[in-house]
Amino acid sequence: MEINPQQVLDALKNVEDPDLKKDLVTLNMIKDLHIVDNKVSFTLELTTPACPMKEMLKNACTNAVKHFVSAEAEVVINVTSRVTQPVNSSSLDNIKNIILVSSGKGGVGKSTVASNLAAVLAKDGAKVGLIDADIYGPSVPTMFDLVDAKPGAEETADGKTKIIPIEKYGIKLLSLGFFADPGQPVPWRGPMASNAVKQLFNDTNWGELDYLIVDLPPGTGDIHITITQSFPISGAVVVTTPQQVALADTHKGLAMFRMPGINIPVLGVIENMSYFTPAELPDNKYYIFGNGGGRKLAERFDVPFLGEIPIVQSIAEAGDSGKPVALNQNPVLDVIFGDIASKIAQQISINNAQVAN
């Protein structure tokens, strides 16, 4: 019996995206359907390359065709992605999603999280940029071994000068640290700092980006208000450590995103330095700073808890040596950072779909 395209599409209407709560055909995720004899091939277009349910959806599609159309069907699925964007993101045309990485206080590993998040998303195939907006202690030049690097510039057709970000490990990078002498303090006043950060967004040739990750300064100051009110933000990720003092500050940082006039979706909480695992005892976890604080904070604000990152010597060493640990093929950390990046990308897809509806 000959298979026709409508039969295949009807079968695939039985496969629902668990996040977006609609079937794949209605969501327009099935592309390029070809049928030759009993060979059925099509492209499954996901909303992010970091989709945690890639394999599950692929298997569900195969099973649906075999069950509803023909048990003899040979199903070939090509998985691609087209990252969605919020409906209101008009001011930065080529950047689909801006993700803020924030913390209530310094020293909780926010830059480490931002760098590794960028690295994982780029490794998954997304187009990624990273802005280091931490004017008082820019870490990105060190974490990417670019301490003495200076970005280039180009003139556009209308006579404006645009900064060209530095590209490394597939990530487009820009830091205020690139424009200052690494050994000299920069005494920024509020308006100066805010204007400098705005330039990183507006006066840069970012090209097309799926995700622009912004490493914010600690706290809740001028920079936060400038960025949240000047640009269309897809969501914020909040980084904390388990100690009570860090949690108290993170609580304020998280509450800031809920304030009227800011009102940015919180994609979730990440707890860094959650526990210590010695290299020689990989199965042991020592909760030296307390246990479960980040999870409780996420529950209190009713936002997702994105995961725990352990204290592992290789994370610090990788940051100091200029190559984020997510690129160093450590099986345990690959899973942890991969899982966190998938959850963030997933949350953005859900939020974008809700806004579109």
Side-chain angles (χ1 to χ4, degrees), residues 91-95 98-102 106 109-123 126-218 221-224 226-227 230-231 316-328:
S91 67
L92 291 163
D93 295 334
N94 293 331
I95 299 170
I98 301 173
I99 305 169
L100 307 181
V101 180
S102 153
K110 174 180 48 58
S111 299
T112 299
V113 170
S115 300
N116 282 289
L117 179 57
V120 172
L121 289 169
K123 198 164 65 169
K127 299 186 183 89
V128 182
L130 174 61
I131 284 182
D132 178 4
D134 189 349
I135 54 170
Y136 307 109
S139 310
V140 162
T142 302
M143 291 188 164
F144 286 86
D145 193 22
L146 293 168
V147 171
D148 296 313
K150 292 283 176 273
E154 63 181 13
E155 197 166 313
T156 61
D158 54 1
K160 289 181 180 165
T161 302
K162 289 270 187 183
I163 303 162
I164 303 170
I166 294 171
E167 198 159 332
K168 194 158 188 186
Y169 310 130
I171 306 162
K172 292 181 178 177
L173 301 159
L174 213 45
S175 168
L176 286 166
F178 293 154
F179 303 98
D181 181 336
Q184 292 295 315
V186 183
W188 298 94
R189 285 188 181 277
M192 280 169 61
S194 296
N195 284 335
V197 169
K198 271 171 131 172
Q199 283 185 289
L200 298 183
F201 286 85
N202 292 328
D203 297 346
T204 300
N205 182 3
W206 286 107
E208 280 188 28
L209 293 181
D210 294 320
Y211 304 104
L212 177 60
I213 294 160
V214 184
D215 180 12
L216 290 174
D222 284 350
I223 302 290
H224 304 72
T226 297
I227 291 174
S230 304
F231 304 106
E317 286 171 351
D320 289 345
S321 69
K323 187 175 185 182
V325 77
L327 299 170
N328 291 342

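Put simply, the side chain of Val147 reaches to within 4.5 Å of the side chain of Thr142, judged on heavy atoms. Residues Val197 and Leu176 meet the side-chain proximity criterion, which asks for heavy atoms closer than 4.5 Å. Side chains of Thr112 and Met143 form a contact here, defined as non-hydrogen atoms less than 4.5 Å apart. At least one side-chain heavy atom of Lys198 sits less than 4.5 Å from a side-chain heavy atom of Phe231. No side-chain heavy atom of Pro151 sits less than 4.5 Å from a side-chain heavy atom of Ile164. Using a 4.5 Å heavy-atom cutoff, the side chains of Leu212 and Phe201 are in contact. Using a 4.5 Å heavy-atom threshold, the side chains of Ile163 and Leu174 count as touching. Between Val128 and Leu209, the closest side-chain pair of non-hydrogen atoms is not below 4.5 Å.
Shown here for Val140 and Ser115, the closest heavy-atom pair between the two residues is CG2-OG, 4.4 Å. Contact between Ala318 and Pro324 at its shortest, heavy atoms only, is CB-C, 4.1 Å.
The CG atom of Leu173 sits 6.0 Å away from the CD1 atom of Ile171 when rounded to the nearest 0.5 Å. With rounding to the nearest 0.5 angstrom, the CD atom of Glu208 is 10.5 Å from the CD1 atom of Ile95.
Side-chain N or O atoms of Lys110 include one that pairs as donor or acceptor with a backbone N or O of Leu216 at under 3.5 Å. In terms of modelled atom types and a separation under 3.5 Å, the side chain of Lys123 and the main chain of Tyr169 share no donor-acceptor contact. Between the Lys172 side chain and the Leu130 main chain, no donor and acceptor come within less than 3.5 Å of each other. The main-chain N or O of Phe144 is found under 3.5 Å from a side-chain atom of Lys168 such that the two form a donor-acceptor pair.
We find that Lys162 and Asp203 are not joined by a salt bridge, their nearest charged nitrogen and carboxylate oxygen being 4.0 Å or further apart.
In summary, of the residues considered (Ser111, Ser175, Ser139), a side-chain hydrogen bond (donor to acceptor under 3.5 Å, both in side chains) with Asp215 occurs for Ser111 alone.
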Audit row: Ile213, Ile131, side-chain contact (heavy atoms from CB on, under 4.5 Å) steps and yes/no: CA-CA 6 Å; Ile213 294 160; Ile131 284 182; over 6 Å; no
Test log, rule side-chain contact (heavy atoms from CB on, under 4.5 Å), inputs Asn94 and Trp206: CA-CA 8 Å; Asn94 293 331; Trp206 286 107; over 6 Å; no
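Annotation: salt bridge (charged side-chain N to carboxylate O under 4.0 Å, His left out) contacts of Asp210 (sequence neighbours excluded): Lys96.
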